[in-house]
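Here is the structure we will look at, set down as structure tokens.
Numbering starts at 1 and runs along the sequence shown. Numbering of ligands and ligand atoms starts at 1, following listing order. Keep in mind that what you see is a predicted model, and the values were worked out from it rather than measured.
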Amino acid sequence: MEPSFTNWPRPLDMWPLEMMLVERGWRPRAKVLRPLTRMAAARIVDAASRLGACITPRGGGSNVVGASLPVPCCALLDLTGLGKILEFNDEDLYIHVEAGARVWSVEEWLNKRGYTLGYHPQSIRLATIGGSIAMLGSGSLAPGLGNIEDIVLWLDVAIPRLGLVRLGSHTSPRGWTGPGVKHLLIGSEGGLGVIVSAGLRVRPLPRHIEARAYAFPGFSQAMAAAREAAIWGVARMLRIIDPSESPLYGAEGALLLAEVETPGEGLLASRLGYLDSLASRFGGEKVEGVYERWSSSRYGYDSYLRELWGIGLWVDTIDTAAPWSRVARLNEELKRSLSSVPGVAMVMSHSGHIYPNGASLYHTIVMERRLDTYWRVWHTAAEVVRGIGASFTHQHGWGLLRKHGIDMLGDNYRVYCMVKEALDPGWALNPRGLPSRCRRIGEG
Ligand SMILES: Cc1cc2nc3c(=O)[nH]c(=O)nc-3n(C[C@H](O)[C@H](O)[C@H](O)COP(=O)(O)OP(=O)(O)OC[C@H]3O[C@@H](n4cnc5c(N)ncnc54)[C@H](O)[C@@H]3O)c2cc1C
């Protein structure tokens with residue numbers, strides 16, 4: 001069977017392991033419910049909790065960690081029927097949109113009117129608004145414009161026994177005025193409530209955007225420049241490409257890509273000048289054509305995957321994060337340890353989300369298509385992350401895949417489990433996803 005990330009056989013999500021299981025004959029089975037109104041979605045949640053049944057909420061199915069895996073005993077709640085834009089206010093700068101709308105369709109709608117969400121994940125054409133919120137998504141513009149949590153003003157959520165509730169605030173520009181309960185839903189992976197619509201911040205499209213690429217002798221020098229740029233907020237996008245990945249863009253050494261946006265030309269010139277001087281301070285120099293090669297291939301994962309599948313290989317990506325003092329070590333250790341797993345053909349890395357206090361890392365592992373290789377890779381990554389004291393995920397979430405590392409969530413998971421018990425005591429919502437270890441932890 002050939003994989004296709006654009007014509008994925010429904011109702012599969014995009015966990016690379018699932019594709020291998022499908023190749024071995026596994027066929028997911030679940031009853032699918034597809035509400036067309038927010039009220040209908042809320043009634044399904046209510047009925048499931050009253051009848052002792054369970055549902056797996058599902059948006060675009062683009063998660064890569066088994067977060068909405070169809071299981072026979074639970075109905076799949078397909079939220080893509082909730083795709084409407086409910087309200088747009090260009091004075092107060094917000095949009096109220098149903099949760100099943102694809103991020104791309106909302107972005108396109110806004111762009112036509114001169115506005116943007118500023119949230120641009122690589123999966124922008126696949127992911128929904130609700131799925132992005134439930135998975136704590138992060139886009140490429142995180143350094144300048146923030147992540148999904150920075151644009152959520154309020155959420156309308158169906159919670160068992162409570163019905164439809166609004167969390168956050170549509171009257172405060174801050175998006176909340178008291179206890180931060182809306183934040184409980186952000187990153188909850190479908191376990192605490194079904195998001196049916198969201199009020200999101202929007203901003204006018206920038207007047208001036210320019211991009212640059214710099215080559216550095218090594219990852220550490222590119223990292224030092226990126227750190228400084230993030231501290232002073234000069235760029236909306238920063239991306240460090242490790243020497244292991246630079247050849248993809250026809251370059252050598254480490255690379256730093258940057259995008260700058262401003263409302264005026266003078267400000268643009270001064271920010272670019274600052275970036276040029278910053279790069280040269282750390283031994284970097286401007287390189288032409290590299291940003292353009294990255295930019296034109298950034299959404300082209302489909303053909304790449306087909307090629308790998310065709311030659312008997314498969315690929316997964318591991319997103320991690322760390323404070324600056326540990327980023328370079330985490331990068332090196334992951335490359336070294338993962339390369340030595342038997343069956344791994346290649347490891348590449350970059351850092352795509354950069355903050356004043358640290359960065360995420362993204363390792364791409366090309367490996368033979370074997371289940372034991374797959375799990376060895378993931379267990380090795382968990383050990384490295386645990387040993388260094390880093391974060392086991394940054395934007396892809398936990399799902400079923402990262403169960404073996406759930407202890408790294410620490411007290412956050414214990415509190416999540418208590419909230420789960422309080423909001424959903426009958427375990428109607430996604431019992432096989434992120435919450436699935438809660439009972440064991442509670443008992444232990
Ligand atoms: C090629 C590729 C590139 C990617 N790039 C990025 C990236 O740049 N940044 C990033 O953050 N992620 C990325 N991802 C991962 C994925 O796109 C995100 O996790 C995305 O946010 C999932 O959204 P979805 O609508 O597809 O959710 P789904 O996969 O359908 O569901 C994900 C989880 O959210 C829950 N859920 C879905 N909708 C709702 C709802 N309305 N209410 C409550 N719970 C809900 C589900 O139960 C499940 O637990 C990428 C994935 C792929 C395949």
Would you please determine whether S132 falls within less than 4.0 Å of ligand 1 on a heavy-atom basis?
-> yes
For atom 9 (N) of ligand 1, the option (of P16, S188, S68, S138) bearing the nearest heavy atom | S138
Near I195 (heavy-atom distance under 4.0 Å), the atoms of ligand 1 are 40 (C), 41 (N), 42 (N), 43 (C)
Side chain E107, main chain Y119, donor-acceptor under 3.5 Å | no
In ligand 1, which numbered atoms sit nearer than 4.0 Å to a non-hydrogen atom of M14?
-> 53 (C)
The side-chain contact (heavy atoms from CB on, under 4.5 Å) partners of L136 (sequence neighbours excluded) come to E149, I186
Going by the angle between their ring planes, with limits at 30° and 60°, are H404 and W375 parallel, tilted or perpendicular?
-> perpendicular
Are the side chain of R38 and the backbone N or O of L82 linked by a donor-acceptor pair below 3.5 Å?
-> no
Checking heavy atoms under 4.0 Å, the part of T128 that sits near ligand 1 is both
Find out whether the Lys NZ or Arg CZ of R369 is both under 6.0 angstrom from the six-membered ring centre of W309 and within 45° of the ring's axis.
-> yes
Could an N or O of ligand 1 be found under 3.5 Å from any N or O of G60, whether backbone or side chain?
-> yes
Return yes or no for this condition: an N or O of G61 is under 3.5 Å from an N or O of ligand 1.
-> yes
Would you mind reporting whether H183 and V152 have side-chain heavy atoms less than 4.5 Å apart?
-> no
N147 CG to Y355 OH distance, which is reported to the nearest 0.5 Å | 4.0 Å
For P121, counting its heavy atoms only, list the atoms of ligand 1 lying under 4.0 Å from any of them.
-> 7 (C), 8 (O), 9 (N)
With a 6.0 Å cut-off on ring centres, are W314 and Y374 close enough?
-> no
Judged by heavy atoms only, the candidate from G191, A134, G187 nearest atom 45 (C) of ligand 1 is A134
Geometric N/O contact T56 with ligand 1, under 3.5 angstrom = no
Say you draw a straight line from CD1 of I365 to OG1 of T317; how long is it, rounded to the nearest 0.5 Å?
-> 7.5 Å
Per atom 19 (O) of ligand 1, closest listed option by heavy atom (E98, M135, R58) = M135
Which of the listed options, G131, G193, A67, G130, holds the heavy atom that is closest to atom 43 (C) of ligand 1?
-> G193
Applying a 4.0 Å heavy-atom criterion (strictly less than), which segment of V64 is in contact with ligand 1: side chain, backbone, both, or neither?
-> side chain
In terms of its nearest heavy atom to atom 40 (C) of ligand 1, the top option of L79, V45, V65 is L79
Q395: what forms a side-chain hydrogen bond (donor to acceptor under 3.5 Å, both in side chains) with it, not counting sequence neighbours?
-> none
Is there at least one pair of N or O atoms, one from P57 and one from ligand 1, spaced under 3.5 Å apart?
-> yes
Determine whether any heavy atom of D13 lies closer than 4.0 Å to an atom of ligand 1.
-> no
